[in-house]
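Everything on this sheet refers to the single structure shown next.
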Amino acid sequence: MKALFCLAAILVLLPLFLILFDLLIKGGKELKLTLLIDLPHPVGEPGGGIANGIVGTLVITLMTMLWSVPTAVMCGIYLAEYGKGKFASAVRFAADTMTGVPSIIMGIFGYILLVLPMKRFSAWAGAAALSMIFIPVVVRTTEEMLRTVPTTVREAALALGIARWKATLRITVRTAWPGILTGILLAMARILGETAPLLFTALGNQFWQTRLDQPMAAVPLQVFTYAISPYEDWHDKAWAGALVLITMVLVINIVARVLTREKR
Amino acid sequence: MARKTGGNIKDLLFERTTGAFAFLVLFLAVLLFAVLLRESLPALRKFGASFFVTGTWDPVLETFGALPFIYGTVVSSFLAILIAVPLSVGAAIFINEFAPPWMKTPVSFLAELLAAIPSVIYGLWGIFVLVPVLRDVFMKPVTKYLGWVPLFKGPVYGPSMLAAGVLLSIMIVPFILSVSREVLATVPQLQKEAVLSLGGTRWEMIRIVIGQHCLPGIFGATILGLGRALGETMAVTMVIGNRPEALLSLFQPGYSMAAVIANEFTEAVGDVYLSSLVLIGLILFAMTFAVNLAAKWILSRMVARASRGI
Amino acid sequence: MRRISGILAGTAVALVLSLAVVTGATAADPLMINGAGATFPYPLYSKWFYEYSNANPGVRFNYQSIGSGGGIKQITAGTVNFGATDAPMTEEGMKKLPGAILHIPTALGAVVPVYNLDEVPAGLKLTSDLLAGIYLGKITRWNDPKIAELNKTVTLPNADIVVAHRSDGSGTTDIFTNYLTTVNAEWRAKVGRGPSVNWPVGIGGKGNEGVAGVVKQTPGAIGYVELAYAKQNKMKVASLRNKEGNFVSPTLEATSAAAAGMAKSMPDDFRVSLVDAPGKESWPISGLTWILVYRDQTDEARGKAIVQFLKWAIRDGQKMEAALDYAPLPKAVVEKVDLALKQISFKGKSLY
């Protein structure tokens with residue numbers, strides 16, 4: 001009996017090792033410096049790189065977080081501190097619903113609301129779609145983290161005559177901060193790897209492009225385009241791009257977990 | 001006195017400011033739904049309820065029906081559940097009940113890593129590793145000997161409903177695993193020991209105590225996994241074969257709601273075409289919404305029962 | 001803990017600041033012009049835009065190959081500065097546009113059947129009826145007697161024919177289905193012509209790239225792609241029997257032969273079909289590919305840049321076509337295109 005359960009555990013974890021192994025071998029093969037610094041070459045010509053995708057991914061992700069982090073954290077604070085009653089329940093329900101929405105739908109949202117009226121594909125639209133994924137997740141993790149701060153801490157602060165808003169910010173939030181930061185980092189790792197919302201918002205770009213109102217390249221988009229192409233050279237690049245992507249994602253994940261571990 | 005008033009105004013300001021952000025979040029959710037609804041109205045008006053059961057997807061004649069995509073999404077997700085749930089629950093039982101304590105943290109960590117891998121990377125691995133292996137090692141031999149069974153009918157391409165189901169199962173395992181482990185942990189130690197002291201074997205203890213106690217929770221975890229599988233886009237698009245037809249054989253290509261949106265959205269010429277795609281998005285939204293709601297309800301009931309000590 | 005927090009915050013601030021600097025510094029960026037559309041000419045356009053941008057550092061043409069359907073849709077919505085398609089826009093489609101649009105032909109290509117069979121190293125012979133039969137799902141095995149009798153020098157395997165087609169809206173599909181509609185009555189009745197059709201059988205690939213990928217990876221597969229994709233991926237191409245009854249292989253010469261009579265019958269709006277062209281050496285599934293630009297531009301700088309590029313494309317650009325197996329436009333056609341280019345204007349003033 002025990003053997004069966006053990007087998008299940010092995011089967012469940014086996015794909016992880018297979019995928020990471022493939023990423024390292026196939027991706028590592030193509031991982032030269034040129035991959036990280038060069039722009040893509042014309043179709044069919046070997047060489048070139050995904051440098052614009054790496055920069056694009058970072059730009060879009062940071063842009064998303066610039067407005068999403070304050071929004072989500074402030075919303076989370078509201079729910080944790082003043083969160084009884086119908087309005088708060090509605091907000092919670094809205095956030096919960098959005099976390100379950102498939103990311104391609106957020107792409108539709110970005111296309112209809114930003115791409116069509118602005119008459120162009122842009123990094124803005126991509127960031128808008130990604131923020132619809134980022135915000136609800138961080139709202140819930142922020143609220144949860146704040147709730148773990150014992151009420152005794154809050155009461156002590158108020159008893160000392162500290163104003164409520166000060167107590168919330170300086171003491172409650174600060175205490176819960178490692179957990180909140182972890183939530184932010186995990187959400188960041190998630191949107192770094194998202195492809196579907198960018199398909200018809202940021203669209204992609206062959207060149208260096210850092211203007212925010214123009215289409216922008218991103219590594220997940222490039223991995224997708226290269227993977228479904230027939231060119232061997234592009235397949236190799238897809239693996240390498242995937243390796244770069246997974247490295248970014250895993251590094252952020254590990255940093256985030258280390259933070260929570262330290263707290264304990 | 002003055003300080004108290006100042007504090008009050010600042011407190012109010014703080015409450016209102018954070019409240020404003022909360023309102024923004026609510027507004028975004030409502031806006032999302034409104035946009036989906038408004039853009040899908042043209043298709044709703046043209047096709048009505050027949051949209052759900054029509055199998056034609058004809059951009060030339062502008063006749064659209066969502067049946068193949070609903071079918072594909074549901075079948076691939078159920079296949080994924082069929083594979084993932086027994087494996088995840090079995091693994092959860094192993095980790096919680098049989099594994100040495102030092103194993104628990106690294107295994108949880110590894111499961112979390114599985115959850116962190118982006119969908120497009122699963123798709124990449126799916127195209128170049130999973131599909132060729134499935135095709136040559138499983139589908140071709142099975143079709144040769146059991147090809148008369150409708151489920152296994154050829155011709156075998158590689159990209160197929162089966163490939164999508166298997167890939168999806170790998171992707172939803174971490175979620176079902178972690179919830180199952182939490183559910184298993186709620187079983188009171190007392191009950192477990194009671195069975196063992198009465199002479200039951202480890203296996204009987206698992207079967208009786210955990211089986212009875214945890215079934216609702218495992219069910220909730222299953223529904224949660226289903227919710228995730230329904231919405232998966234990139235990985236499915238890359239291995240399902242992109243054929244807008246509801247075919248019985250698992251070895252045949254199919255299509256899913258998320259995949260057709262991803263593939264055809266940028267080129268949907270004409271209002272009806274685009275509106276049909278958004279309507280599919282709306283249906284997908286509604287399905288994942290309902291499923292996630294059900295999962296949460298079931299799981300919260302489990303938590304409530306556990307805290308009551310049942 | 002504080003230290004890590006601090007480091008993270010510092011890094012974030014540094015990154016945001018550098019983002020601002022980079023964005024600001026690149027305000028003197030080259031002019032970015034966005035286009036999207038057909039995958040059929042993508043190998044050619046990709047080369048063109050790369051070379052043109054190197055020679056003209058002040059402009060960058062960003063082209064996304066999303067299929068002809070995508071090109072038409074996005075230029076209609078105005079989200080790109082130019083579109084690209086091998087399926088000419090329909091009258092109804094053009095009525096929906098905010099203004100008059102020009103189809104500027106850039107190159108001639110060939111749609112070729114590609115297959116994946118170890119047993120037939122090259123030049124599988126097919127006819128229009130066979131091709132239609134395969135894509136209708138009526139001929140399902142490679143060793144079907146109808147195929148075998150044309151290919152007596154090889155032994156065809158007893159295997160399923162795995163059919164591949166496009167999953168997206170495609171000009172390549174439009175050319176291919178146009179051919180099948182022209183030569184086969186059953187196809188005409190059952191399926192018809194268009195960038196996207198109700199395929200009776202087969203698996204869908206996204207873009208020419210997707211179909212080539214499917215055929216390359218699936219033993220026993222058959223698909224249709226633009227010649228450049230077949231060549232670049234060293235795929236096996238079938239030869240077809242043309243209108244005169246000759247079996248021709250898809251080559252640069254065969255495509256040019258199909259275009260030979262074109263100049264005389266070229267309509268003013270350039271929307272002409274070249275399938276089943278007369279001529280002993282003609283490749284029966286040839287087609288033009290066009291760039292879609294509005295006659296009345298709303299952005300002077302971008303409009304001018306597009307016109308300058310198109311002037312280059314129909315002259316210098318044509319020299320790069322042969323290497324990629326696209327046939328250049330006949331001289332008479334180039335002169336006609338020039339006249340069309342002169343029509344592109346900003347507020348009434350020609351941008352030529």
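Below, read A as the first sequence line, B as the second, and so on, with proteins coming before strands; counting in each chain starts at 1. Worth saying up front: this structure is predicted, and the values here are computed from it rather than measured.
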Can you tell me which portion of [X] sits under 4.5 Å from chain B's heavy atoms? Options are side chain, backbone, both or neither.
{"X": "A/Ala189", "result": "neither"}
{"X": "A/Phe224", "result": "both"}
{"X": "A/Ile112", "result": "side chain"}
{"X": "A/Ile254", "result": "side chain"}
{"X": "A/Tyr111", "result": "side chain"}

Side-chain atoms of residues 103-113 of chain B: list all donor-acceptor pairs with protein atoms under 3.5 Å, sequence neighbours left out, distances to 0.1 Å.
unit_1: B/Lys104; atom_1: NZ; unit_2: B/Asn96; atom_2: O; d: 3.2
unit_1: B/Ser108; atom_1: OG; unit_2: B/Lys104; atom_2: O; d: 2.8
unit_1: B/Ser108; atom_1: OG; unit_2: B/Arg181; atom_2: NH1; d: 2.7
unit_1: B/Glu112; atom_1: OE1; unit_2: A/Arg257; atom_2: NE; d: 3.0
unit_1: B/Glu112; atom_1: OE1; unit_2: A/Arg257; atom_2: NH1; d: 3.3

Is [X] close to chain A through its backbone or its side chain, or both, or neither, when contacts mean heavy atoms under 4.5 Å?
{"X": "B/Leu224", "answer": "neither"}
{"X": "B/Leu32", "answer": "both"}
{"X": "B/Phe98", "answer": "both"}
{"X": "B/Ile127", "answer": "side chain"}

Residue selection (most heavy-atom pairs with chain B, distance under 4.5 Å) from A/Val101, A/Ile252, A/Thr71: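 Top count of heavy-atom pairs under 4.5 Å with chain B: A/Thr71.
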Options A/Asp22, A/Leu11, A/Val249, ranked by heavy-atom pairs under 4.5 Å with chain B, top entry: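 It is A/Asp22.
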Please table the atom pairs, donor to acceptor, closer than 3.5 Å between any side-chain atom in residues 168-177 of chain B and protein atoms at least two apart or in another chain.
unit_1: B/Ser169; atom_1: OG; unit_2: B/Val166; atom_2: O; d: 2.6

Sequence neighbours excluded - salt bridge (Lys or Arg N to Asp or Glu O under 4.0 Å) pairs with any residue from residues 82-92 of chain A: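 Residue pairs with at least one partner in residues 82-92 of chain A: A/Arg92-A/Glu143.
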Check: [X]/[Y] side-chain N/O donor and acceptor closer than 3.5 Å:
{"X": "B/Glu15", "Y": "A/Tyr78", "answer": "no"}
{"X": "B/Thr18", "Y": "A/Glu81", "answer": "no"}
{"X": "B/Tyr255", "Y": "B/Asn263", "answer": "yes"}

Close contacts, residues 133-142 of chain A versus chain B, judged by heavy atoms under 4.5 Å: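 Hits under 4.5 Å: A/Ile135, A/Val139.
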B/Ile121, B/Leu124, B/Ile117 screened by side chain to side chain contact (heavy atoms under 4.5 Å, CB included) with A/Leu245, the one that passes: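 It is B/Ile121; the other options fail the test.
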